[in-house]
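Just so you know, ligand 1 is whichever comes first in the structure, and atom 1 is the first atom listed for that ligand. When reading the values below, keep in mind they use all heavy atoms of this one structure, side chains included, and skip hydrogens, waters and symmetry mates. Index from 1, following the sequence.
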Amino acid sequence: MKKFFACIITASLMLGVLASCSSDDGVLTVGTNADFPPFEYIGDNGEPDGFDIALIKEIGSRIGREIVIEDMEFSALIAAIGSRIDVAIAAMTVTEERRQTVDFSEPYYEAIQYVIVPVESDISSMADLEGLTIGVQLGTTGDFIAEDIEGAVVIQYVKGLDAVNDLLNGRVDCVIIDRNPALVFVERHDGILRAVEGYLFGFDAEYYAIAMPKGDTDLATQINQALRDIKADGTYDRLVRIYIEES
Ligand code: ARG
């Protein structure tokens, strides 16, 4: 009997948590990892900014939800969906493995991994990556690719930027990271680092989407409709211009 009541109490506590996070009560709590320019970063005013942040705010205003951003570690995002956060927008690639745990919105951006190297390096093929010490952001698709490279020593960083800093220090030979952040980081170290295009290594195209609680078809329908409208009315292109092309 005690067990029975304990279960009821646990169940109602869990329901309470669920209700407070995912009901249509106005607030949509959105997890991100604001260390991935131009998609998400901390702006000059100390608040999260970037393409993804602007996009989710636009979605929020169209579905009538106030957006509250939670900046957290990238590798913690998926597990936090449905508890600490409602959804995640973090330049997150749709993968079959992640699909086991969360649902994804329709994709909103096509990406690919790039390899950041010192300017003088001639790394240009998969064979060149074998046996190297490779820096990656923990739990990212760059991390998964690196772990499959023959003889590579993979060093995982909580922040992509720390991997880049260790490349500058010579602690890693290269960094595998998404194209746009690679271009931003390299531009900050013009003449010292360069970014090598992923297709040379045979990397596949990746698609970013918003990660949502599994089975919340209501929320998914709303978010997907908003995304479609945002693409159709030119807002999407405006955000690309502001955050990606001019960054
Ligand atoms: N696209 C890659 C992935 O999904 C990296 C994303 C990292 N995002 C971030 N905000 N740090 O694994």
Ligand 1 N/O within reach of E40 N/O, cut-off under 3.5 Å: yes
Taking every non-hydrogen atom, the tightest pair across G31 and L77: C-CD2, 3.6 Å
Within-cut-off N or O pair, D35 and ligand 1, under 3.5 Å: no
Contact check, A91 vs ligand 1, heavy-atom distance below 4.0 Å: yes
Closest to atom 12 (O) of ligand 1 among I177, V94, L77, T141 (heavy-atom distance): T141
Y208: numbered ligand 1 atoms lying under 4.0 Å from its heavy atoms: 1 (N)
Short side-chain to backbone donor-acceptor contact, D103 and M212, under 3.5 Å: no
R98: numbered ligand 1 atoms lying under 4.0 Å from its heavy atoms: 3 (C), 4 (O), 12 (O)
From D128, V117, V186, residue fulfilling side chain to side chain contact (heavy atoms under 4.5 Å, CB included) relative to V196: V117
Protein contact to atom 11 (N) of ligand 1 [nearest heavy atom, distance to 0.1 Å]: N33 OD1, 2.7 Å
Atom 1 (N) of ligand 1 - nearest protein heavy atom and its distance: D178 OD2, 2.6 Å
Those atoms of ligand 1 less than 4.0 Å from some heavy atom in F74: 3 (C), 4 (O), 6 (C), 7 (C), 8 (N), 9 (C), 11 (N), 12 (O)
All ring pair (Phe, Tyr, Trp, His ring centres under 6.0 Å) counterparts of F201, not counting sequence neighbours: F203
Heavy-atom side-chain proximity of F36 to D178 below 4.5 angstrom: yes
Partner of T133 under side chain to side chain contact (heavy atoms under 4.5 Å, CB included), chosen from I155, L167, D166: I155
Protein heavy-atom partner closest to atom 8 (N) of ligand 1 - residue, atom, separation in Å: A90 O, 2.8 Å
Side-chain hydrophobic cluster, 4.5 Å single linkage: members besides Y207: none
Residue selection (non-hydrogen contact nearest atom 4 (O) of ligand 1) among D71, T93, L161: T93
Aromatic ring pairing Y208/Y109, orientation class (parallel under 30°, perpendicular over 60°, tilted between): parallel
